[in-house]
There are 2 protein chains.
Amino acid sequence: MTAAVLRNSQPAPAKPARLTRARRTVLLKALADPRRFELLEKIARAGCPLGCAQARAALPISAATLSHHIKELETAGLISIRREGKFHFMSLRPGVLESLASTLSALEQVPCGPAEGQPR
Amino acid sequence: MTAAVLRNSQPAPAKPARLTRARRTVLLKALADPRRFELLEKIARAGCPLGCAQARAALPISAATLSHHIKELETAGLISIRREGKFHFMSLRPGVLESLASTLSALEQVPCGPAEGQPR
DNA sequence: TAATCAATTCGATAGTTGTCGAAACGTCGA
DNA sequence: TCGACGTTTCGACAACTATCGAATTGATTA
């Protein structure tokens, strides 16, 4: 926990590898499906690599659909999969969400117009 | 201008109003279309409220499509529109992208496993 | 080798959505 | 009041995608 907190307490000084437009779109599309996001949440929250069976148990979808979503997340570069025999374990790829988040935040830095707070 | 700078210089101390799942999905869907994102970028970068005509000039789409995208962005709560006579001016709604960004970043705070940096 | 199990792929389907042209609506100026 | 213009709505269409059951692949075990 301390390590995580430390990593977090440094204000992440804006180096998360700028995203191309195409990549940004791919990421956003991958995240825009609610079930897929939920899956990603499970993977992220698990901390340790998550097995497909566990994912399966957590989501009310068929194996085929789960496989589809996993492939999407992997293709988008959001997760990586370690394949061990017939089991596959998924883990969050570090830094990717960070990059996207900072891309989004960057848009908020309005350079000029102060008035449009409540245009009402 | 000073007001905006001030508001911006405070580091937005991490309470950007937690998003519900539904809202998060709506936002992600709204951002996941490349043209719509581009439009949002234009609005954000313009600083001052952007007229439809300017948006129109900047994007290679028909008026109908533009209107559609504008509605999507407004429905998602990403922009607000000031309607003055026959002209409409769009501006970024402050804080929304921030909320989403922090939601995404929050997923990266792995609680336990520090080792899966490169599962290789 | 055969059976079993995990995961993927295939084929199909339903729902969503980005796009446009045409028509409609609202506002402004003549 | 009329016409011009900016924006929206309507209707339609094409492309995409989430979903599933069934068939397949690949690995483990009997």
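Because the structure is a prediction, the values reported are computed rather than measured. Naming convention: chains lettered A, B, ... in sequence-line order (proteins, then strands); numbering from 1 in each chain.
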Check whether B/E38 reaches the backbone of B/L59 with its side chain - one donor and one acceptor, N or O, closer than 3.5 Å. no
Should A/T65 be listed as having a side-chain N or O under 4.0 Å from OP1 or OP2 of D/dC20? yes
Note: B/L92 and B/A44 closest approach over all heavy atoms is CD2-CB, 3.8 Å
May I ask you to list the residues of residues 23-40 of chain A, by number, that have any heavy atom positioned under 4.0 Å from an atom of DNA chain D? A/D33, A/R35, A/R36
D/dA18, OP1 or OP2 - any side-chain N/O from A/H68 closer than 4.0 Å? yes
Nearest whole Å is fine: how far is D/dG26 C1' from A/E84 CD? 15 Å
Does a nitrogen or oxygen in the side chain of A/H88 sit under 4.0 Å from OP1 or OP2 of C/dT8? yes
Modelled atom types, side-chain donor and acceptor of B/T65 and B/S62, under 3.5 Å: yes
Do any N or O atoms from the side chain of A/R36 and from the backbone of A/K29 form a donor-acceptor pair under 3.5 angstrom? yes
For A/I61, report the nucleic acid contact type (base, sugar-phosphate, nothing); a contact means any heavy atom under 4.0 Å. sugar-phosphate
Criterion salt bridge (charged side-chain N to carboxylate O under 4.0 Å, His left out) on A/E74 and A/R83, from CA distance to verdict: CA-CA 13 Å; A/E74 192 188 19; A/R83 296 162 217 260; 2.9 Å; yes
Could you check A/G85 against A/L66 and say which one's nearest nucleotide on DNA chain D is further toward the 5' end? A/L66
State whether the side chain of A/E108 and the backbone N or O of B/G95 hold a donor-acceptor pair below 3.5 Å, judged by distance alone. yes
Selected nucleotide, minimal atom distance to A/S62 side chain, candidates D/dT19, C/dA7, D/dC20: D/dC20
Any B/K71 side-chain N or O less than 4.0 Å from OP1/OP2 of D/dT7: no
Rounding to an integer number of Å, can you tell me how far B/F87 CZ sits from D/dA4 C1'? 12 Å
Rounded to whole angstroms, how far apart are CG on A/L59 and P on D/dC20? 11 Å
For B/H69 and C/dT16, what is the distance between atoms NE2 and P respectively, to the nearest whole Å? 18 Å
Output the single nucleotide from D/dG6, D/dT8, C/dT9 whose closest atom is nearest the side chain of A/A64. C/dT9
For B/I70 and D/dG6, what is the distance between atoms CD1 and C1' respectively, to the nearest whole Å? 11 Å
Of the nucleotides D/dT8, C/dC10, C/dG26, which has the atom closest to the B/K86 side chain? C/dG26
Rounded to the nearest angstrom, tell me the gap between atom CZ in B/F89 and atom P in D/dG6. 12 Å
Within the side chain of B/T25, is there an N or O that forms a donor-acceptor pair under 3.5 Å with the backbone of B/R21? yes
How close or far is atom C1' of C/dC28 from atom CZ of B/R83, stated in whole angstroms? 18 Å
